Novice: 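If you scroll down you'll find the structure; I have some questions about it.
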Amino acid sequence: MSLKKKLIWTYCLITTIPLLLLAIFMVSRMTADAQRETEQHAEQLSRQVGDAMTVYMGIFRELSDYLVTSMETEAGLPNADELMLRRHKNILDTYPEIVGIAVADENDRFLGTGMKRVSRDRLDNEEWFLKAPEVGGKIAVLNSSEGKIVITNEAYSADQIFSVMVTGKINGKKTVILMDIKKDVLGSLIDSVSANSDSIVFVEDDNGEIVYTPVSPVVYRIDDQGLAIKDGCQETVKIQGSEYLISASLEKESGWKFISVTSLIEQQNKVRRLYLIAVISTILMVLVVIGISNRLAESFNGPIQKLTRMMQRVEQGDLSVRANFKYRDEIGTLGDNFDHMLDRMNTLLEDIQTEKQRTLQAKLKSLQEQIKPHFLYNTLDTINWMARGHEADDVVRMVEALTNMFRLGLSQGKDFITVREEIAHVRNYLYIQGVRYESKLTYKFDTDDDCMDIVIPKLILQPLVENSIYHGIKLKKEGGSILVSAKRDAKLLHLSVYDTGQGMSDEELDKLRKNIDDIKRGEPGSFGMTYVIERLRLYATEGFDIDVNSRLGEYTRVSISLGLKEDRDV
């Protein structure tokens, strides 16, 4: 599998799995919310209707208490019945849902407004009279007016009316106030709190009989278990293949149970829509993720493929290619490093070519320079023998010193000599310069025996001694001395040339140090120092360092530290 496909699969898995889990969680959560919302709605519907009925029953209770209190107060008045009937009429006019009011006592006395007595049977034997609570008790409710000998003047069927009763004491006798109320008031109460066409509410009395129900075939198909549901409980039933949620709330004053029946079809449709939306959204998100993953994978794979093609061209010898990535990330850094590597390779190839040319020129120059010393060496040898013949010892010593210098300089064409040979070469050079400058120049050597056999590039001290004479001692009127030292430690050989000549100012010292740094970087500089540094750079591969210290009018010290090379062939 290619890198691009691996990246696409990785991105898709990393993003799709959380998206699927999130979609499942959201659908589950929204489904639970929809179910809980339906349950809360069904519970609130039955409870609100019951609460509204409680308020309504409170009104009837207040009206009944008002009548009882008025009757007890006016019981001794000659026109008490007339006053009572007038109050009844006012109540009927104010509350049209109340269709009749009757008063009966245990002595079978009857007085009614909008109601009449249809039998001479005793009133205190009637169910409604017997069911009326004791004095000071709660209001009593009778589901139907069927079987009563007291009926309303208007022709209402028994299942259109329910009755409420309140008990009082008039002249020491139990007196019951009966009100007949149209059951339409229950429909109004239900309609006032129910705004959902998927829900219906019906009323059941304490005997399990239906008090009121809207026209709906659903209610009559609820089984006994559904009708027996307790206050505050909910139950899901299936009616004609559809699911309904039943919720019950008990109205404490009347003892009636208000049961709401809510269709779950809308909830199920909502859940189906949620699942459909979730599936479509997930598919769209997966497609978007695939598209984004493809772009991201291409943003990684494209530059890598480009780098691969350029590397193949470099492998074939084309060093002119460049990435030139515009990315500012790790890919861009990789491309920049690749371009820098090619630039460095081109620079190194140019340096190698330049170094080859310089090496050839150096070898040619060395060969040319060797021709002159050989001829001069042979000539000096002839002069030496002629001076010996004339017993000119000072000339002989001078010629021998110069001859030894040339012999050590040639070194049979070797590039490396021992420290002992290098010191001997400098000693001969200083002897010749000492003869020239006489008392103006003195010199001495400080060398350790344990470093005399160490191999070093030849002719690195003589240019430094020459600089000490011509740029230090020669410029000082009273002359000076030169100290040449050779010391070693565990890993380095330390060579130094110290003179008490003219010295340098701080500006001149800084200029010389900068010149040395420039020469180390391959830039042109003074001939003597360039010669020394070039030899050290070409042959002292273990590393080297040159340090210069000076004080104007006092001294100059040039120190060289280089890695030990005792294993060189000399």
Side-chain angles (χ1 to χ4, degrees), residues 1-22 282-366 415 457 513-525 530 533-546 562-563 565:
M1 185 181 293
S2 65
L3 176 61
K4 181 177 180 180
K5 291 183 179 179
K6 290 180 180 179
L7 290 173
I8 292 176
W9 275 106
T10 301
Y11 292 143
C12 289
L13 289 176
I14 291 175
T15 54
T16 302
I17 292 176
L19 286 175
L20 290 176
L21 294 177
L22 179 62
T282 302
I283 293 174
L284 292 177
M285 285 188 292
V286 169
L287 293 177
V288 171
V289 166
I290 293 175
I292 295 175
S293 300
N294 184 67
R295 292 293 299 274
L296 288 175
E298 183 61 29
S299 67
F300 282 102
N301 190 63
I304 293 175
Q305 291 295 328
K306 183 179 179 180
L307 275 177
T308 302
R309 292 191 297 269
M310 287 190 293
M311 288 179 181
Q312 292 173 349
R313 291 177 60 182
V314 170
E315 185 179 0
Q316 296 171 0
D318 184 4
L319 300 181
S320 63
V321 297
R322 293 294 183 274
N324 294 325
F325 287 153
K326 298 180 180 179
Y327 306 103
R328 297 276 67 88
D329 52 11
E330 287 79 2
I331 296 294
T333 302
L334 182 62
D336 292 341
N337 292 336
F338 179 77
D339 293 343
H340 294 330
M341 180 191 70
L342 292 178
D343 293 338
R344 183 62 178 163
M345 288 177 63
N346 285 326
T347 301
L348 291 175
L349 289 176
E350 292 175 358
D351 292 344
I352 291 173
Q353 187 65 29
T354 302
E355 194 63 35
K356 285 183 178 179
Q357 293 177 357
R358 292 174 60 184
T359 302
L360 290 175
Q361 292 174 357
K363 287 183 177 180
L364 179 59
K365 184 176 181 180
S366 176
D415 292 320
R513 287 174 176 172
K514 183 179 183 303
N515 186 30
I516 292 173
D517 293 336
D518 292 341
I519 296 172
K520 287 182 179 180
R521 291 193 297 267
E523 299 178 8
T530 301
I533 293 175
E534 286 295 329
R535 294 191 67 80
L536 290 173
R537 182 160 54 194
L538 289 173
Y539 300 109
T541 56
E542 286 79 1
F544 69 94
D545 187 32
I546 297 179
L562 67 159
K565 288 197 173 195

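Source: prediction; values computed, not measured.
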Novice: Only counting residues at least two apart or in another chain, list the ones meeting side chain to side chain contact (heavy atoms under 4.5 Å, CB included) with Ile283.
Specialist: Val279, Leu287
Novice: At what distance, to the nearest 0.5 angstrom, does CZ of Arg344 lie from CG of Leu349?
Specialist: 10.5 Å
Novice: Quick one: list whatever passes salt bridge (charged side-chain N to carboxylate O under 4.0 Å, His left out) with Asp517, sequence neighbours left out.
Specialist: none
Novice: Calculate, to the nearest 0.5 Å, the distance between atoms CE and CG belonging to Met341 and Leu348 respectively.
Specialist: 11.0 Å
Novice: For Asp343, give me all partners under salt bridge (charged side-chain N to carboxylate O under 4.0 Å, His left out), at least two apart in sequence or on another chain.
Specialist: Arg322
Novice: Got a second to check how far Ile546's CD1 is from Ile516's CD1, nearest 0.5 Å?
Specialist: 5.5 Å
Novice: Nearest 0.5 Å, please: how far is CE in Met311 from CG in Leu342?
Specialist: 9.0 Å
